[in-house]
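The block underneath contains the structure these notes are about, expressed in C-alpha coordinates.
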2 protein chains.
Amino acid sequence: MNPPHPKKPAVTKHSKQRDRIYDIVRGTRSHPTAEWVHEEVRRSMPRVSLGTVYRNLHVLALQGRVMELDFGDGSRHYDAFTDEHYHFVCERCGSVQDLDIPPFADLNDRVSSSVSGIVRSHRLVFVGVCSSCQQHQ
Amino acid sequence: MNPPHPKKPAVTKHSKQRDRIYDIVRGTRSHPTAEWVHEEVRRSMPRVSLGTVYRNLHVLALQGRVMELDFGDGSRHYDAFTDEHYHFVCERCGSVQDLDIPPFADLNDRVSSSVSGIVRSHRLVFVGVCSSCQQHQ
DNA sequence: ATACATGCAAATCATTTGCGCAGTC
DNA sequence: GACTGCGCAAATGATTTGCATGTAT
(Lines give C-alpha, C1' and ligand atoms only; values in the text may rest on other atoms or scores of the structure.)
Protein backbone atom coordinates (compact mmCIF):
# COMPACT_ATOMS: atom_id res chain seq x y z
CA MET A 1 0.00 0.00 0.00
CA ASN A 2 2.81 2.37 0.84
CA PRO A 3 5.35 3.17 -1.82
CA PRO A 4 8.68 1.41 -1.13
CA HIS A 5 10.52 4.69 -0.89
CA PRO A 6 8.67 7.75 0.32
CA LYS A 7 8.72 10.56 -2.20
CA LYS A 8 11.58 12.88 -1.36
CA PRO A 9 11.25 16.61 -1.76
CA ALA A 10 14.31 16.29 -4.02
CA VAL A 11 15.14 19.85 -5.13
CA THR A 12 18.58 18.68 -6.17
CA LYS A 13 19.67 19.51 -9.68
CA HIS A 14 20.21 23.06 -10.60
CA SER A 15 19.30 24.95 -13.70
CA LYS A 16 20.29 28.07 -15.55
CA GLN A 17 16.77 29.37 -15.03
CA ARG A 18 16.91 29.01 -11.27
CA ASP A 19 20.34 30.61 -11.09
CA ARG A 20 19.13 33.56 -13.13
CA ILE A 21 15.98 33.97 -11.08
CA TYR A 22 17.97 33.96 -7.88
CA ASP A 23 20.44 36.51 -9.25
CA ILE A 24 17.61 38.81 -10.20
CA VAL A 25 15.92 38.68 -6.81
CA ARG A 26 19.27 39.13 -5.11
CA GLY A 27 20.06 42.07 -7.35
CA THR A 28 17.19 44.28 -6.31
CA ARG A 29 15.83 45.85 -3.16
CA SER A 30 12.41 46.33 -4.67
CA HIS A 31 10.79 43.22 -3.18
CA PRO A 32 9.51 42.16 -6.58
CA THR A 33 6.56 40.02 -7.53
CA ALA A 34 6.85 36.87 -9.65
CA GLU A 35 5.51 38.85 -12.59
CA TRP A 36 8.31 41.40 -12.33
CA VAL A 37 10.95 38.71 -11.95
CA HIS A 38 9.53 37.00 -15.01
CA GLU A 39 9.88 40.14 -17.08
CA GLU A 40 13.46 40.56 -15.93
CA VAL A 41 14.40 36.95 -16.60
CA ARG A 42 12.99 37.19 -20.08
CA ARG A 43 15.41 39.93 -21.00
CA SER A 44 18.17 37.36 -21.12
CA MET A 45 16.13 34.15 -21.46
CA PRO A 46 13.04 34.99 -23.49
CA ARG A 47 11.47 31.54 -23.40
CA VAL A 48 11.25 31.23 -19.63
CA SER A 49 7.66 30.72 -18.56
CA LEU A 50 5.90 32.32 -15.65
CA GLY A 51 5.23 28.87 -14.24
CA THR A 52 8.96 28.22 -14.09
CA VAL A 53 9.45 31.47 -12.23
CA TYR A 54 6.82 30.55 -9.67
CA ARG A 55 8.21 27.03 -9.28
CA ASN A 56 11.75 28.26 -8.77
CA LEU A 57 10.83 31.06 -6.43
CA HIS A 58 9.11 28.44 -4.33
CA VAL A 59 12.15 26.16 -4.46
CA LEU A 60 14.40 29.04 -3.46
CA ALA A 61 12.08 29.77 -0.57
CA LEU A 62 12.27 26.14 0.57
CA GLN A 63 16.05 26.37 0.40
CA GLY A 64 15.92 29.50 2.52
CA ARG A 65 17.57 31.59 -0.17
CA VAL A 66 14.61 33.91 -0.62
CA MET A 67 11.64 34.73 1.57
CA GLU A 68 8.04 35.08 0.51
CA LEU A 69 6.24 38.18 1.69
CA ASP A 70 2.58 39.04 1.74
CA PHE A 71 1.66 42.68 2.13
CA GLY A 72 -2.00 42.14 1.35
CA ASP A 73 -1.86 43.87 -2.01
CA GLY A 74 -2.96 40.83 -3.95
CA SER A 75 0.39 39.43 -5.01
CA ARG A 76 3.28 37.80 -3.24
CA HIS A 77 6.62 39.55 -3.01
CA TYR A 78 10.08 38.04 -2.81
CA ASP A 79 13.13 39.14 -0.88
CA ALA A 80 16.64 37.71 -1.03
CA PHE A 81 17.57 39.34 2.27
CA THR A 82 16.53 36.52 4.50
CA ASP A 83 17.67 37.85 7.85
CA GLU A 84 14.65 38.56 9.96
CA HIS A 85 13.61 42.15 9.45
CA TYR A 86 10.52 44.33 9.21
CA HIS A 87 9.16 46.20 6.22
CA PHE A 88 7.62 49.55 5.56
CA VAL A 89 5.03 49.74 2.79
CA CYS A 90 3.94 53.00 1.20
CA GLU A 91 0.17 53.18 1.12
CA ARG A 92 0.24 55.37 -2.00
CA CYS A 93 2.71 53.73 -4.35
CA GLY A 94 3.15 50.32 -2.77
CA SER A 95 6.93 50.59 -2.55
CA VAL A 96 8.62 48.57 0.17
CA GLN A 97 11.56 49.48 2.39
CA ASP A 98 13.60 47.15 4.55
CA LEU A 99 13.96 48.34 8.13
CA ASP A 100 17.44 48.26 9.56
CA ILE A 101 16.42 47.76 13.14
CA PRO A 102 16.54 44.46 14.98
CA PRO A 103 13.22 42.65 15.49
CA PHE A 104 11.33 43.43 18.66
CA ALA A 105 12.09 40.40 20.77
CA ASP A 106 9.67 41.44 23.47
CA LEU A 107 6.48 41.51 21.42
CA ASN A 108 5.58 37.85 21.68
CA ASP A 109 5.97 37.93 25.45
CA ARG A 110 3.89 41.05 25.74
CA VAL A 111 0.87 39.22 24.33
CA SER A 112 1.41 35.63 25.37
CA SER A 113 -0.73 35.97 28.48
CA SER A 114 -3.76 37.02 26.46
CA VAL A 115 -3.49 34.15 23.98
CA SER A 116 -4.73 30.66 24.68
CA GLY A 117 -1.89 28.79 23.04
CA ILE A 118 1.77 29.37 22.34
CA VAL A 119 2.98 32.46 20.51
CA ARG A 120 5.90 31.50 18.31
CA SER A 121 6.33 34.50 16.05
CA HIS A 122 4.72 37.63 14.70
CA ARG A 123 4.33 39.41 11.40
CA LEU A 124 4.76 43.14 11.56
CA VAL A 125 4.47 45.56 8.67
CA PHE A 126 4.60 49.32 8.97
CA VAL A 127 2.45 51.43 6.70
CA GLY A 128 2.66 55.08 5.76
CA VAL A 129 3.76 57.45 3.03
CA CYS A 130 7.24 57.17 1.58
CA SER A 131 9.37 60.27 1.14
CA SER A 132 9.04 60.14 -2.62
CA CYS A 133 5.24 60.22 -2.44
CA GLN A 134 5.34 63.00 0.14
CA GLN A 135 7.24 65.22 -2.27
CA HIS A 136 4.97 64.52 -5.21
CA GLN A 137 2.02 66.00 -3.30
CA MET B 1 -17.25 67.23 -19.91
CA ASN B 2 -18.12 66.54 -16.31
CA PRO B 3 -21.36 64.80 -15.56
CA PRO B 4 -23.95 67.19 -14.13
CA HIS B 5 -24.02 65.34 -10.85
CA PRO B 6 -20.87 63.54 -9.82
CA LYS B 7 -21.50 59.91 -9.15
CA LYS B 8 -21.93 59.53 -5.42
CA PRO B 9 -20.62 56.50 -3.63
CA ALA B 10 -24.22 56.20 -2.54
CA VAL B 11 -24.43 53.11 -0.33
CA THR B 12 -27.79 54.30 0.87
CA LYS B 13 -30.66 51.89 0.59
CA HIS B 14 -30.64 48.88 2.74
CA SER B 15 -31.56 45.34 1.98
CA LYS B 16 -32.54 42.20 3.80
CA GLN B 17 -29.46 40.53 2.40
CA ARG B 18 -27.09 43.13 3.82
CA ASP B 19 -28.81 43.06 7.21
CA ARG B 20 -28.54 39.31 7.33
CA ILE B 21 -24.89 39.33 6.28
CA TYR B 22 -24.06 41.87 8.95
CA ASP B 23 -25.91 39.89 11.61
CA ILE B 24 -23.98 36.79 10.70
CA VAL B 25 -20.58 38.45 10.86
CA ARG B 26 -21.54 40.14 14.11
CA GLY B 27 -22.74 36.86 15.53
CA THR B 28 -19.44 35.00 15.34
CA ARG B 29 -15.95 35.37 16.68
CA SER B 30 -14.52 33.09 14.02
CA HIS B 31 -13.35 35.80 11.62
CA PRO B 32 -15.11 34.13 8.72
CA THR B 33 -14.42 34.25 5.01
CA ALA B 34 -16.96 35.36 2.43
CA GLU B 35 -17.49 31.72 1.53
CA TRP B 36 -18.43 30.82 5.10
CA VAL B 37 -20.73 33.83 5.40
CA HIS B 38 -22.36 32.80 2.14
CA GLU B 39 -23.10 29.32 3.45
CA GLU B 40 -24.59 30.79 6.60
CA VAL B 41 -26.74 33.31 4.76
CA ARG B 42 -28.08 30.59 2.52
CA ARG B 43 -29.53 28.73 5.47
CA SER B 44 -32.23 31.37 5.69
CA MET B 45 -32.01 32.93 2.22
CA PRO B 46 -31.08 30.17 -0.19
CA ARG B 47 -30.99 32.30 -3.34
CA VAL B 48 -28.35 34.77 -2.14
CA SER B 49 -25.35 34.71 -4.43
CA LEU B 50 -21.72 34.78 -3.46
CA GLY B 51 -21.33 37.99 -5.44
CA THR B 52 -23.92 39.66 -3.24
CA VAL B 53 -22.04 38.54 -0.15
CA TYR B 54 -18.80 40.02 -1.45
CA ARG B 55 -20.49 43.24 -2.49
CA ASN B 56 -22.15 43.69 0.87
CA LEU B 57 -19.11 42.80 2.91
CA HIS B 58 -17.31 45.50 1.00
CA VAL B 59 -20.11 47.99 1.63
CA LEU B 60 -20.10 47.14 5.32
CA ALA B 61 -16.36 47.69 5.36
CA LEU B 62 -16.79 51.12 3.76
CA GLN B 63 -19.37 51.93 6.39
CA GLY B 64 -16.93 50.89 9.08
CA ARG B 65 -19.25 48.19 10.37
CA VAL B 66 -16.88 45.35 9.58
CA MET B 67 -13.18 45.20 8.96
CA GLU B 68 -11.37 43.23 6.30
CA LEU B 69 -8.45 41.13 7.45
CA ASP B 70 -5.72 39.43 5.49
CA PHE B 71 -3.77 36.72 7.24
CA GLY B 72 -2.01 35.56 4.12
CA ASP B 73 -3.87 32.28 3.91
CA GLY B 74 -5.36 33.01 0.52
CA SER B 75 -8.73 34.37 1.52
CA ARG B 76 -9.95 37.51 3.19
CA HIS B 77 -11.50 37.36 6.62
CA TYR B 78 -14.13 39.62 8.14
CA ASP B 79 -14.54 40.89 11.66
CA ALA B 80 -17.40 42.91 13.11
CA PHE B 81 -15.32 43.99 16.09
CA THR B 82 -13.93 47.12 14.55
CA ASP B 83 -12.03 48.53 17.52
CA GLU B 84 -8.36 48.39 16.77
CA HIS B 85 -6.97 45.12 18.05
CA TYR B 86 -4.42 42.47 17.19
CA HIS B 87 -4.99 38.88 16.19
CA PHE B 88 -3.42 35.56 16.93
CA VAL B 89 -3.50 32.96 14.15
CA CYS B 90 -2.89 29.27 14.75
CA GLU B 91 -0.38 27.98 12.26
CA ARG B 92 -1.88 24.49 12.40
CA CYS B 93 -5.62 24.99 12.11
CA GLY B 94 -5.84 28.59 10.95
CA SER B 95 -8.15 29.63 13.77
CA VAL B 96 -8.05 33.28 14.79
CA GLN B 97 -8.23 34.84 18.25
CA ASP B 98 -8.83 38.47 19.09
CA LEU B 99 -6.29 39.88 21.53
CA ASP B 100 -7.70 41.84 24.43
CA ILE B 101 -4.73 44.09 24.90
CA PRO B 102 -4.51 47.68 23.72
CA PRO B 103 -2.46 48.34 20.58
CA PHE B 104 1.20 49.15 21.08
CA ALA B 105 1.23 52.89 20.60
CA ASP B 106 5.00 53.05 20.72
CA LEU B 107 5.78 50.82 17.76
CA ASN B 108 5.50 53.41 15.02
CA ASP B 109 7.80 55.76 16.87
CA ARG B 110 10.32 53.02 17.48
CA VAL B 111 10.87 52.63 13.73
CA SER B 112 10.15 56.08 12.34
CA SER B 113 13.80 57.09 12.36
CA SER B 114 14.77 54.20 10.11
CA VAL B 115 12.05 54.88 7.54
CA SER B 116 12.33 57.51 4.86
CA GLY B 117 8.76 58.72 4.96
CA ILE B 118 5.98 58.94 7.54
CA VAL B 119 4.85 55.91 9.49
CA ARG B 120 1.11 56.11 10.00
CA SER B 121 0.16 52.65 11.19
CA HIS B 122 1.24 49.06 11.44
CA ARG B 123 -0.20 45.62 10.91
CA LEU B 124 0.70 43.09 13.53
CA VAL B 125 -0.36 39.47 13.62
CA PHE B 126 0.86 36.92 16.12
CA VAL B 127 1.38 33.34 15.02
CA GLY B 128 1.67 30.15 17.01
CA VAL B 129 -0.22 27.06 18.09
CA CYS B 130 -3.62 27.40 19.70
CA SER B 131 -4.45 25.48 22.85
CA SER B 132 -6.81 23.19 20.99
CA CYS B 133 -4.11 22.12 18.55
CA GLN B 134 -1.61 21.68 21.38
CA GLN B 135 -3.88 19.15 23.04
CA HIS B 136 -4.52 17.18 19.86
CA GLN B 137 -0.80 16.44 19.60
C1' DA C 1 -40.05 56.95 -11.01
C1' DT C 2 -35.41 56.50 -10.04
C1' DA C 3 -31.61 54.54 -8.38
C1' DC C 4 -29.50 51.20 -5.91
C1' DA C 5 -29.24 46.11 -5.04
C1' DT C 6 -29.64 41.33 -6.57
C1' DG C 7 -28.82 36.87 -9.03
C1' DC C 8 -26.49 34.81 -12.42
C1' DA C 9 -22.78 33.91 -15.25
C1' DA C 10 -18.77 35.30 -17.25
C1' DA C 11 -14.40 37.75 -16.51
C1' DT C 12 -10.12 38.72 -13.89
C1' DC C 13 -5.91 37.95 -11.40
C1' DA C 14 -2.53 35.49 -9.11
C1' DT C 15 -0.91 31.11 -8.66
C1' DT C 16 -0.73 26.07 -9.49
C1' DT C 17 -0.52 21.92 -12.09
C1' DG C 18 -0.52 18.07 -15.81
C1' DC C 19 2.00 16.63 -19.56
C1' DG C 20 5.41 15.52 -23.08
C1' DC C 21 10.03 16.94 -23.97
C1' DA C 22 14.72 18.75 -22.77
C1' DG C 23 18.69 19.12 -19.59
C1' DT C 24 21.44 17.48 -15.72
C1' DC C 25 23.68 14.01 -12.88
C1' DG D 1 19.78 6.22 -18.64
C1' DA D 2 17.06 7.89 -14.80
C1' DC D 3 15.03 11.78 -13.04
C1' DT D 4 14.44 16.50 -12.38
C1' DG D 5 13.21 20.73 -14.45
C1' DC D 6 11.08 23.29 -18.42
C1' DG D 7 7.63 25.38 -21.53
C1' DC D 8 3.10 25.48 -22.60
C1' DA D 9 -1.53 25.58 -21.77
C1' DA D 10 -5.21 24.46 -19.08
C1' DA D 11 -6.98 24.31 -14.21
C1' DT D 12 -7.84 26.39 -9.86
C1' DG D 13 -9.47 29.53 -6.28
C1' DA D 14 -10.66 33.92 -4.68
C1' DT D 15 -12.75 37.95 -5.94
C1' DT D 16 -14.89 41.20 -9.26
C1' DT D 17 -18.00 42.75 -12.72
C1' DG D 18 -21.65 43.30 -16.64
C1' DC D 19 -26.23 42.96 -17.31
C1' DA D 20 -31.17 42.42 -17.05
C1' DT D 21 -34.44 42.48 -13.47
C1' DG D 22 -36.17 43.23 -8.69
C1' DT D 23 -36.88 46.43 -4.78
C1' DA D 24 -36.53 50.30 -1.56
C1' DT D 25 -37.37 55.18 -1.16
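Sequence lines set the chain letters: A, B, ... in the order given, protein chains first and strands last, and positions in each chain run from 1.
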In whole angstrom, what separates [X]'s [atom1] from [N]'s [atom2]?
{"X": "A:Arg18", "N": "C:dT24", "atom1": "CZ", "atom2": "P", "answer": "12 Å"}
{"X": "B:Phe71", "N": "D:dA14", "atom1": "CZ", "atom2": "C1'", "answer": "17 Å"}
{"X": "B:Asn56", "N": "C:dG7", "atom1": "CG", "atom2": "P", "answer": "9 Å"}
{"X": "B:Asp73", "N": "D:dG13", "atom1": "CG", "atom2": "C1'", "answer": "12 Å"}
{"X": "B:His77", "N": "D:dG13", "atom1": "NE2", "atom2": "C1'", "answer": "14 Å"}
{"X": "A:Arg47", "N": "D:dC8", "atom1": "CZ", "atom2": "C1'", "answer": "11 Å"}
{"X": "A:Arg20", "N": "C:dG23", "atom1": "CZ", "atom2": "P", "answer": "19 Å"}
{"X": "B:His38", "N": "D:dA14", "atom1": "NE2", "atom2": "P", "answer": "14 Å"}

Mind checking what makes side chain to side chain contact (heavy atoms under 4.5 Å, CB included) contact with A:Arg110, not counting sequence neighbours?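 Partners of A:Arg110 under the side chain to side chain contact (heavy atoms under 4.5 Å, CB included) test: A:Asp106, A:Leu107, B:Phe104, B:Asp106, B:Arg110.
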Within residues 23-36 of chain A, which residues have any heavy atom lying less than 4.0 Å from an atom of DNA chain D?
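DNA chain D contact set from residues 23-36 of chain A: none.
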Query raised in the report: Excluding sequence neighbours, so at least two apart, what forms salt bridge (charged side-chain N to carboxylate O under 4.0 Å, His left out) with B:Arg65?
Result: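 Here no residue qualifies.
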**Asked** Looking at residues at least two apart in the chain, or sitting in another chain, which of them share a salt bridge (charged side-chain N to carboxylate O under 4.0 Å, His left out) with A:Arg47?
**Response**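 Scan of A:Arg47 (salt bridge (charged side-chain N to carboxylate O under 4.0 Å, His left out), adjacent residues dropped) gives none.
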>> Within the structure provided, determine whether B:His87 and B:Asp79 are in side-chain contact (heavy-atom separation under 4.5 Å).
In response: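 Result yes, sub-4.5 Å side-chain heavy-atom pair found.
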| message | A side-chain contact here means heavy atoms from C-beta on lying under 4.5 Å apart; do B:Ser95 and B:Ser132 qualify? | response |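 No. Closest side-chain heavy atoms not under 4.5 Å.
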Worksheet entry | Non-neighbouring partners of B:His58 that pass ring pair (Phe, Tyr, Trp, His ring centres under 6.0 Å), sequence neighbours left out |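 Per chain and number, B:His58 pairs via ring pair (Phe, Tyr, Trp, His ring centres under 6.0 Å) with no residue.
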Heavy-atom contacts, protein to nucleotides 16-25 of chain D, under 4.0 Å, summarised as B (base), S (sugar-phosphate only) or - (none) per nt, yield BBB-----BS
Counting only side-chain nitrogens and oxygens, does A:Gln17 get under 4.0 Å of the OP1 or OP2 atom of C:dG23?
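No, outside the criterion.
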Problem - Closest-nucleotide ordering on DNA chain C, the 5'-leading residue of A:Gly74 and B:Ser49 - result: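 Result of the comparison: B:Ser49.
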How close do B:Cys90 and B:Cys133 get, counting heavy atoms only, and between which atoms?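 That would be SG-SG, 3.7 Å.
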- Which atom names give the shortest non-hydrogen contact between A:Pro32 and A:Val37, and what distance separates them?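 What the structure gives for the nearest pair is CG-CG2, 3.9 Å.
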Inter-residue atom distance A:Phe71.CZ - A:Arg123.CZ, 0.5 Å rounding: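 Taking CZ in A:Phe71 and CZ in A:Arg123, the distance rounds to 11.5 Å.
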